[in-house]
Structures are given as C-alpha cells and as structure tokens.
Amino acid sequence: MKCGDVDRLLSEGVRVEAVRTQVYPHVENCPRCAAIVTWTGAAVGGPEVDALSRSVSARLKGDLSPVRPLPPDPVLALMLIGSGLAVAAVFLTAMGISGWHAMDSSQISALGVFAVATSVFSIVSVVRSMRPAAPRPLPLPAVLGALLIGYPLIATLLFPLAPAEHFLADGVRCVAGGIVVIALASGLAFFVARRGYVLDVRRCGLLIGEFGAIVSV
C-alpha cells in the first residue's frame, strides 16, 4: 500500500480500523500518512497495541454497571409535589386550620400566590439540579431570595403586629411545628433527589431546604 492508496481510502470514507492490517505496515514507515491517520482520530497500531486496547476495553467493561434511567422532569416534579402535599396534610390535621379562618381574602390570596410561585421556582430548580447539564431557569440567589425576602415582606404589609393573648406560647408552638414540617418535607425531597444524579450537592441541598420551608409556610 502506498500514500495514494491511503488517501483514496480516506476520501472514500472507509474506516481505517476496518483495513488496519493493510494500512499498518505502510503507516508504520510513513510519517506523512501516520499524521493524516492520527488526525482522523483512527486508532491504528500494531499487534501489541491491539492487544493492549482489547485488555483495557475488557477491564473498563468489567467495572461498568447499569445506570438507572432518570424519570422525566414532570414525574420528578409530581413526586416532589406529592411529598409536600402529604406533609402539609399531616400538619394541617395535627395543627388545624383555624389560622386560615382568621385571615381575610387579600391575605389568603397573597399567601396563595406567593406559595404557588415560590413552589414552582423551587421544584423546577430541584428537578434541574438532579439532571446533569440541565439548564437552570433561575440563579440560586433569586430562588432563595424569593422566599427570604418575599415572605417577610408579605407578613409585614398584610399582617399588622397586634400580639394577642398567649402570643408567645402559640408562637413557640407554631415555630416548633414549622421546624418539624421543614424536616419532614426536606427529608422526602432528599429521597426524591437521590433518584437523580446531583453534581452540585451544595446547591441542591439549599434548594431542598427551601422546598421544606415553603411547605411549612
């Protein structure tokens, strides 16, 4: 085989690996053709190289294990929504809904819109964190800031400070219940996140904590 034969094979789209035994003797002694073949990305080597390649391939295949397919984003989102609703239902059953009856329509509407919006941001962000290379719809400070700034703002504007009787005792009870809800909701979200392949553990952990806080709110 000569340089023209190598050029012809490459121009015809023939895989060099398929005719390795014919190409190798020439490439071994022709720097020009060796450079061309290397540029195409073809692995052309002698018997020793072939044996080493097979050995490495066999070793790599022996270390590989099947990868569990990741469910679609809507399924993961529904799993998070279901876990949050389950924890909220348990909390409402235990604590009651008397607080909702004490609020007017504007307060209920504002909290409802706020809860839905922040939940969507949080759930989408958690789901995207579970899938490598998935686009992130919002930066982490924006997702966390929506809760850390939005909730105190709504509470300040719509809920006047008027301490009632047993304010401290009721407040401690409410805070304790909220902490329990955060722990339960975050724990369930953590188990959902384990079904994915989280690369940024810190980001995903913060988002899961925010998700639990939203459920408690």
Side-chain angles (χ1 to χ4, degrees), residues 53-97 99-100 108-155 173-217:
S53 176
R54 287 193 296 269
S55 175
V56 172
S57 298
R59 186 171 301 177
L60 289 176
K61 290 179 181 179
D63 292 337
L64 296 177
S65 58
V67 176
R68 181 184 60 219
L70 188 62
D73 287 356
V75 174
L76 296 172
L78 288 175
M79 293 172 66
L80 289 173
I81 293 172
S83 63
L85 291 177
V87 173
V90 173
F91 176 78
L92 291 176
T93 301
M95 303 292 290
I97 57 174
W100 288 94
I108 293 176
S109 299
L111 280 179
V113 172
F114 172 77
V116 171
T118 52
S119 296
V120 170
F121 294 155
S122 178
I123 290 172
V124 171
S125 297
V126 172
V127 170
R128 293 296 175 84
S129 295
M130 298 166 58
R131 194 179 300 278
R136 297 173 178 176
L138 290 173
L140 183 61
V143 179
L144 297 179
L147 176 65
L148 298 178
I149 298 175
Y151 181 69
L153 185 62
I154 291 176
R173 179 169 171 262
C174 182
V175 170
I179 293 174
V180 172
V181 171
I182 292 174
L184 292 176
S186 298
L188 291 178
F190 170 75
F191 283 107
V192 174
R194 289 193 59 182
R195 293 184 59 87
Y197 304 96
V198 178
L199 299 182
D200 192 339
V201 178
R202 176 179 172 273
R203 174 186 172 86
C204 188
L206 289 172
L207 291 171
I208 287 175
E210 186 204 29
F211 172 77
I214 292 173
V215 175
S216 72
V217 171

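Numbering of residues begins at 1 and proceeds along the displayed sequence.
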Do Ser83 and Phe211 have side chains that get closer than 4.5 Å, going by heavy atoms?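 They are in contact (side-chain heavy atoms under 4.5 Å apart), so the answer is yes.
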Given side chains that start at C-beta, do those of Ile208 and Val192 come closer than 4.5 Å, heavy atoms only? no
Show the nearest heavy-atom pair for residues [X] and [Y], with the distance to one decimal.
X: Gly212; Y: Ala185; value: CA-CB, 3.8 Å
X: Ser186; Y: Gly209; value: OG-CA, 3.9 Å
X: Val143; Y: Ser125; value: CG2-OG, 3.5 Å
X: Leu70; Y: Met130; value: CD2-O, 3.8 Å
X: Ile214; Y: Ser122; value: CD1-CB, 3.7 Å
X: Cys204; Y: Val198; value: CB-CG1, 3.6 Å

To the closest 0.5 Å, what do you measure between CD1 (Ile123) and OG1 (Thr118)?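 Going from the CD1 atom of Ile123 to the OG1 atom of Thr118 covers 9.0 Å.
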To the nearest 0.5 Å, what is the distance between OG (Ser119) and CG (Leu85)? 9.0 Å
Checking Asp73 now: which residues fulfil salt bridge (Lys or Arg N to Asp or Glu O under 4.0 Å) with it, not counting sequence neighbours?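 Residues passing salt bridge (Lys or Arg N to Asp or Glu O under 4.0 Å) with Asp73: Arg128, Arg131.
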Exactly one of Val181, Ile182, Leu188 clears side chain to side chain contact (heavy atoms under 4.5 Å, CB included) with Val215, and that residue is Val181
What pairs meet the salt bridge (Lys or Arg N to Asp or Glu O under 4.0 Å) rule with one or both residues in residues 188-198, with sequence neighbours excluded?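 Residue pairs with at least one partner in residues 188-198: there are none.
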Is it the case that more than 12 heavy atoms not belonging to Phe190 sit under 6.0 Å from its CZ atom? no
